[in-house]
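Taking it in order: structure first as structure tokens, then the write-up.
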Amino acid sequence: MTFTTRFAPSPTGPLHLGHAYSALLAYDMALASDGTFHLRIEDIDQTRSRPEWEEQIYDDLAWLGLSWEAPVMRQSERLPAYREALARLWQRGLLYPCNCSRRDIAQAVSAPQEGGAPPFGPDGLIYPNTCRHVPDTSKPLPEGVLRLNMEAALAGLADDLSFEEVGPNAGVVALPHMMLLSDVGDVVLARHGMGASYHLSVVLDDAAQNITDVVRGQDLFTATYIHVVLQRLLGLPTPHYHHHRLIRDAAGKRLAKRDDARAIATYRAEGRTAADIRRLVGL
Ligand code: GLU
């Protein structure tokens, strides 16, 4: 199978050095193995995505010397595919609607009788299953927030889930059911006004683009646990994962979208070159 990878930014702010590293690394790997490099615009969150940021992404990546396959996949155009997958999971009784606010969840997990620090998973606090119930699947797929019933989901899967990490810490990462229940839990797969959550859309998009190797930051390592479960539930292949180091600022803090000082556009305006950016990120 041809090595196929992607860079999947969200157009919610300027690309910074961390994005440049991720994109260049994936692009170089594709080039080195005579493979394919896709750009995917992850604009599922329409409240935060802006066309001007999308334009800036194309502009910055071209300036960095990257080229990608046409057409560019945009999540905002894939909502029917996401709904179809949700409907399949719904019919199998694996989803349930949830009305809890972040505050409700925080309150539920910090109840005094629980003791200890509230457990965090790939998506924030591990959901205390407040709304979990057996849904009436004769009803159509509801709108709004839907959670995956992790227990019901895993009950139908063999306890042999894993993925192959090919990054700096290469090896097979085993995902035992017990760990998925305690450290991941009932994650959100559909959000208000968004159709699908990031986790569901990224899994469906990687499969639709035949991605063989996902190259992305170490910050998404535990999100991969969710992605592997979804791949198994939906009968999709699990790509190899390369979770790379994160680019940090001088104080050792991970770069965020709001760190405009590290924006590629700022370096460009200062007259730096694409080669300078490669040097700055250690490539
Ligand atoms: N859209 C995500 C981000 O900008 C990246 C998702 C991924 O690479 O899987 O952080």
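The analysis underlying the following values was restricted to heavy atoms, covering all of them including side chains, and did not include hydrogens, waters or symmetry mates. Please read these numbers as outputs of a predicted model, since none were measured by experiment.
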Problem set entry | Verdict with supporting geometry, Asp213 and Arg6, salt bridge (Lys or Arg N to Asp or Glu O under 4.0 Å) | CA-CA 8 Å; Asp213 289 75; Arg6 78 324 190 259; over 6 Å; no

Exercise. Is Asp276 close to Tyr267 at the side-chain level, that is, under 4.5 Å between some pair of heavy atoms?
Worked result: no

Problem set entry | Residues Glu54, Arg74: salt bridge by 4.0 Å N-O rule | yes

Problem set entry | Single-linkage hydrophobic cluster Ile277~Trp68, side-chain heavy atoms < 4.5 angstrom | yes

Problem set entry | Side-chain ion pair, Asp160 and Arg232, N-O less than 4.0 Å | yes

Exercise. Does the side chain of Phe120 reach to within under 4.5 Å of the side chain of Leu125, using non-hydrogen atoms?
Worked result: yes

Exercise. Which is it for Arg216 and Thr224 under the side-chain hydrogen bond (donor to acceptor under 3.5 Å, both in side chains) test, yes or no, and what are the steps along the way?
Worked result: CA-CA 10 Å; Arg216 62 184 179 196; Thr224 304; 2.7 Å; yes

For this session: State, with a plain yes or no, whether a side-chain heavy atom of Pro140 is found less than 4.5 Å away from one of Trp90.
Result: no

Exercise. Does the pair Thr137 and Gln91 meet the rule for a side-chain hydrogen bond (donor to acceptor under 3.5 Å, both in side chains), with working shown?
Worked result: CA-CA 5 Å; Thr137 55; Gln91 275 148 21; over 6 Å; no

Problem set entry | Residue pair His38 / Thr4, side-chain donor-acceptor N/O under 3.5 Å | no

For this session: Provide the closest heavy-atom pair for Val187 versus Ile226 in the form atom of the first, atom of the second, distance.
Result: CG1-CD1, 3.6 Å

For this session: Answer with yes or no after comparing the ring centroid distance for His16 and Tyr21 against a 6.0 Å cut-off, counting only values under it.
Result: no

Exercise. Does Phe221 have its ring centroid less than 6.0 Å away from the ring centroid of Phe163?
Worked result: yes

For this session: Show your working on side-chain hydrogen bond (donor to acceptor under 3.5 Å, both in side chains) between Gln56 and Asp60 and close with a plain yes or no.
Result: CA-CA 6 Å; Gln56 183 83 49; Asp60 282 343; 3.1 Å; yes

Exercise. Do you know the tightest heavy-atom contact between Pro168 and His242?
Worked result: CD-NE2, 4.1 Å

Seminar exercise, completed: Taking every heavy atom of Asp43 against every heavy atom of Pro11, the minimum-distance pair comes out as CB-CG, 3.8 Å

Exercise. Checking side chain to side chain contact (heavy atoms under 4.5 Å, CB included) for the pair Thr212/His240: CA distance, chi angles, key distance, verdict?
Worked result: CA-CA 6 Å; Thr212 62; His240 297 141; 5.7 Å; no

For this session: Could you pull out the closest heavy-atom pair between Pro239 and Pro237, with the gap in Å?
Result: CD-O, 3.6 Å

Exercise. Between Thr130 and Cys100, which heavy-atom pair has the shortest distance, and what is it?
Worked result: CB-SG, 3.9 Å

For this session: For the residue pair Leu234 and Arg88, establish whether any side-chain heavy-atom pair is separated by less than 4.5 Å.
Result: yes

For this session: Could you tell me whether Asp45 and Arg191 have a side-chain N and a carboxylate O separated by less than 4.0 Å?
Result: no

Exercise. Is any side-chain heavy atom of Pro97 closer than 4.5 Å to a side-chain heavy atom of His133?
Worked result: yes

Exercise. Is there a donor-acceptor contact under 3.5 Å linking the side chains of His244 and Ser22?
Worked result: yes

For this session: Check the pair Glu55 / Arg50 against salt bridge (Lys or Arg N to Asp or Glu O under 4.0 Å), numbers first and verdict last.
Result: CA-CA 9 Å; Glu55 281 312 310; Arg50 298 273 179 277; over 6 Å; no

For this session: Kindly determine whether Arg245 and Gln218 satisfy side-chain hydrogen bond (donor to acceptor under 3.5 Å, both in side chains), including the steps that lead there.
Result: CA-CA 6 Å; Arg245 68 184 162 86; Gln218 186 64 33; over 6 Å; no

Exercise. With the threshold set at 4.0 Å, does a side-chain nitrogen-carboxylate oxygen contact exist between Glu270 and Arg268?
Worked result: no

Exercise. CG of Leu64 to OG of Ser67: how many Å apart, nearest 0.5 Å?
Worked result: 12.0 Å

For this session: With side chain to side chain contact (heavy atoms under 4.5 Å, CB included) as the test, would you mind laying out the steps for Asp206 and Arg40 before giving the verdict?
Result: CA-CA 10 Å; Asp206 283 338; Arg40 182 165 76 226; 2.9 Å; yes

Exercise. Any side-chain heavy-atom pair from Leu189 and Leu86 closer than 4.5 angstrom?
Worked result: yes

Exercise. Will you find, in the side chains of Asp123 and His199, an N or O donor that is under 3.5 Å from an N or O acceptor?
Worked result: yes

Seminar exercise, completed: dist Leu233:CG -> Leu154:CG (nearest 0.5 Å) comes out at 7.5 Å

